[in-house]
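Below is one structure, written out as structure tokens; the observations come after it.
A, B, ... follow the sequence lines: proteins, then strands. Residue 1 opens every chain. Quick note: numbers below take in every heavy atom, side chains included, and nothing from hydrogens, waters or symmetry partners.
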2 protein chains.
Amino acid sequence: MAKRPVDEPVSRRSAESGENLAERIYAQLKQDIFEFRLLPGDRFSETEIAERMAVSRTPVREALFRLQREAFVDVLFRSGWQVRPFDFNYFEDLYDVRVVLETAAVKRLCEQSIGGDELDALKQIWLVPAADRLSDASTVSALDERFHEMLVEATGNAEMARMHHALTERMRIIRRLDFTKPPRIEATYLEHGKILRAVLQRRGDQAQLLLKTHIEESKSEVRKITLHMLHTARHKSGQERA
Amino acid sequence: MAKRPVDEPVSRRSAESGENLAERIYAQLKQDIFEFRLLPGDRFSETEIAERMAVSRTPVREALFRLQREAFVDVLFRSGWQVRPFDFNYFEDLYDVRVVLETAAVKRLCEQSIGGDELDALKQIWLVPAADRLSDASTVSALDERFHEMLVEATGNAEMARMHHALTERMRIIRRLDFTKPPRIEATYLEHGKILRAVLQRRGDQAQLLLKTHIEESKSEVRKITLHMLHTARHKSGQERA
DNA sequence: GAGTACAGTTATGTATACAAGAAGGAATAC
DNA sequence: GTATTCCTTCTTGTATACATAACTGTACTC
């Protein structure tokens, strides 16, 4: 698409790292939030970010506005920016929206017998012998995200998939904390397997119930463990900085 | 060049309307799209908008990026901006998402007997004698939007309401075209009344079915009439410009 | 006459300059 | 010691300058 110039003196840098600065800074900041280098409640200024990333304020502002729209940060009128503080009600609402979207998706999958490709792909990952299961927390966490996203994608509704993906991104920060303990990973394999089998057998009601229970379990787990995990993360991040 | 606004002092206006320029330009551009002063497929540049609104490119770009994220416009790499062309599959997907969110909402309203205040307010509007009904297309169109939004808001899930509101905004351009004919208005009163009564009687299944049918009817109506309406709107807008 | 090369125009992306207001600290009055 | 006032500093919002690449039309070559 983008035509390559014959010689590449300056355009090499932009080609390497994501086409434009604003995009790169957006991704970097989001990663900083996900990995608790920027903590909920932390305040910072545009200049500060710009200097750290060695760019001007322009792309930084563009990235920040995008993060603001996605509810990761708030701008305080002429008084800097802030990583949005934890709000459990907010996350619980998001979990409920996920229940709505995903149960609607599996209902459609069962009733219309569609999404064969996506379901096959999921089988390869989740319906495997116990010995073949993965155990790395961050890997399983990513697979978990994909499991739920693909259920929605399988319906073929691109806009619903897009909205669900946005939800997933917004919840990642809190969902990661849920995957630090092996029992949680094991339970995930068990429950995803059950849901998947129900969908493959086109048992809509059962699939919906299993899925709803599964998500609401995560929801309650999260509320239990988050405060402690956040403090740990905060501490660890503090050490890394020093 | 853009230093001195022709119509009004820019500082006064910003104090009056919304504190900052980017917000104002965002609203103005969105309105231009809704009212077909900017037509799907139209191309324009940042400078062009900036000069017309008598501001610099900075707030214009901010507004455009927001509109881009909300799927109203596309940026063509170093080749200007474009009002997103009509895509019926896209709008159909949005209608389906609305079905999912709103049926889930009324289900919850019926099962948990919540949202009394919102339902009361809706009663005042939709369950009135035929003589008291409104007939102005744009008024009824706005009330129609609020009807569906309030069903979702009544569940108390702020994030679901926010997502639904975003959907409503994205669909407004096409939904307006649906309300130009009196029969459509009458049908809306009838169907909203039925849905509302079912919800008030906590008959969940019936309410869901009525709502689903109601939305899908709009969806099919829209696909039928849009092309013609769009041409009319394009013509009218051309006359206004000349 | 057709195709290609080249330069001028114009687009967005990025950096920088400037404006206005909020926050915080120091100094002063009591 | 306490409260208040002013001033410095730092913040975001906006305007402008500059960089780079794509498009377009023209002139030239074959």
Atom-to-atom span, [atom1] of [X] to [atom2] of [N] - whole angstrom:
{"X": "A:Glu46", "N": "C:dA15", "atom1": "CD", "atom2": "C1'", "value": "14 Å"}
{"X": "B:Arg24", "N": "D:dG13", "atom1": "CZ", "atom2": "C1'", "value": "14 Å"}
{"X": "A:Leu21", "N": "D:dA19", "atom1": "CG", "atom2": "P", "value": "16 Å"}
{"X": "B:Gln82", "N": "C:dT12", "atom1": "CD", "atom2": "P", "value": "13 Å"}
{"X": "A:Glu62", "N": "C:dG13", "atom1": "CD", "atom2": "P", "value": "7 Å"}
{"X": "A:Arg57", "N": "C:dG13", "atom1": "CZ", "atom2": "C1'", "value": "16 Å"}
{"X": "A:Glu51", "N": "D:dT11", "atom1": "CD", "atom2": "P", "value": "9 Å"}
{"X": "A:Arg61", "N": "D:dA15", "atom1": "CZ", "atom2": "P", "value": "12 Å"}

[X] with [Y]: basic N within carboxylate O range, under 4.0 Å:
{"X": "A:Arg146", "Y": "A:Glu153", "result": "yes"}
{"X": "B:Glu169", "Y": "B:Arg172", "result": "yes"}
{"X": "A:Arg184", "Y": "A:Asp144", "result": "no"}
{"X": "A:Arg84", "Y": "A:Glu70", "result": "no"}
{"X": "B:Arg66", "Y": "B:Glu23", "result": "yes"}

Query raised in the report: Can a side chain N or O of A:Thr58 be found less than 4.0 Å away from OP1 or OP2 on C:dT14?
Result: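 No, outside the criterion.
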Report task. Would you confirm whether A:Ser141, through its side chain, and A:Ala137, through its main-chain N or O, come within 3.5 Å as a donor-acceptor pair? Result ->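 No.
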Query raised in the report: Distance-only, no hydrogens or angles: does the A:Asp32 side chain make a donor-acceptor pair with backbone N or O of A:Leu38 under 3.5 Å?
Result: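 Not at all, since once roles are kept as given, no pair shorter than 3.5 Å links the two residues.
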Query raised in the report: Quick one: on DNA chain C, does A:Pro59 or A:Ser79 contact a more 5' nucleotide (nearest heavy atom)?
Result: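 Between the two, 5'-proximity favours A:Pro59.
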Query raised in the report: Do any of residues 67-76 of chain B sit with a heavy atom less than 4.0 Å from DNA chain D, and if so which?
Result: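 Correct list: empty, so none.
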Query raised in the report: Taking N and O atoms by type only, does the side chain of A:Arg78 place a donor or acceptor under 3.5 Å from a partner on the base of C:dA23?
Result: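 No pair found.
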